[in-house]
Amino acid sequence: MDMQDKELDAWISAALQSGTTVPTRRKSQIWEQINEQAARQTILMPVTIEEKSSLAERVILVGQAFRAWVSALVTDEAQYERARQSHYSFRYGGPSRDGRLVLQLMNPMGFNLVSPSF
Amino acid sequence: MIVTESEPSDAELIERVRANDLEALGSLFDRYYTQVFRSAVAITQDSAVAEDIAQECFLKIHRYANRIDTSLPLIPWLYRVTVNLSYTWVARQKKRRVSLEAVVDRLISPAWLSPDHIAENSEIQQQVREAIHELNFNQRVVVVLHYLSGLSLEEIAEILDCPVGTVKSRLYYARENLRRRLDSISWTSEVVHGYAG
């Protein structure tokens, strides 16, 4: 037979609620154990949680970071200079077997400058 | 739980536990032990394990007293700890692959039944419990919190930290699974209500 909803609910409740008694004596034994263990353990310190910044504060922070980045890009030439120097610098120069001058450039593709043959 | 004016509130007791007042912990134990134990039994189907879980819950109240938000009710926190500890146990048990016979054995003669309850305990109730135990963990937890602890879907969602819709869906499928399982048992409403014969 199909069970009605209420019947099913009643059965689930009854099945779960039946039989889960805790004898008083057993309960006091358990409390004794908890009491003993709690007396031995230390209480942890509270954790300080930083308050989340508001949306406006976050927008301001992102804006400041972006401005600093643009400013560094425009006014600070050191990074550009460093990149330029390393791009054109070479680590080795000398004659090749056929007498041409070879400059090994510091570039990721491994291209070298080779002088025309004399 | 209704706290009368003469009794200290949960928040007051937690404050005292923070000062290492074990009597206050004892008051919380008296107030909530049975609820925690019953939920743990219903989820794990093992009274010895449920005792350990309940014990661990109260030790956690003591250990984490400073970190419990006293502006919120304590009981959802306790249920959350109970569910998490039960989940850990169930997951561990799955790895050990407990035999079906052992589970059925526990259901037939649970150690936590008093003689009166053994007399009352009908075969059908055992089958319902068995069917509940066969639900997956998430469905079983929702069934236990709803039918045993009497919590609303919103409260369960808060405890499990999931949307209300998820709780609703888990409860729906749990009930459908139970209905399918229990429909196969030949019973009558007279037996269901305990006045057959």
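Below, chains carry the letters A, B, ... as their sequence lines are ordered, and counting in each starts from 1. Quick caveat: nothing in here was measured; it's all calculated off a predicted structure.
Side-chain contact annotation: B:Arg175 with B:Tyr147, donor-acceptor N/O pair under 3.5 Å present. Under 3.5 Å, the side chains of A:Arg26 and A:Gln29 contain a donor-acceptor pair of N or O atoms.
Your options are B:Ala42, B:Gly26, B:Ala65, and the one with the most heavy-atom pairs under 4.5 Å with chain A is B:Gly26. Residue with the most contacts toward chain A among B:Leu59, B:Val144, B:Asn20, B:Leu25: B:Leu59 (heavy-atom pairs, distance under 4.5 Å).
When heavy atoms are compared at a cutoff of 4.5 Å, B:Val17 approaches chain A solely by way of its backbone atoms N, CA, C and O. Of the atoms belonging to B:Leu148, heavy atoms from both backbone and side chain fall under 4.5 Å from chain A. Both the backbone and the side chain of B:Gln55 have a heavy atom closer than 4.5 Å to some heavy atom of chain A.
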Discussion item. Working note: B:Leu151 + B:His146, criterion side chain to side chain contact (heavy atoms under 4.5 Å, CB included); need CA distance, chi angles, decisive distance, verdict.
Written reply: CA-CA 5 Å; B:Leu151 299 177; B:His146 186 66; 6.0 Å; no

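Within 6.0 Å of CG in B:Asp69 there are more than 12 heavy atoms belonging to other residues, nucleotides or ligands.
For the pair B:Arg67 (side chain) and A:Met45 (backbone), a donor-acceptor distance under 3.5 Å is present.
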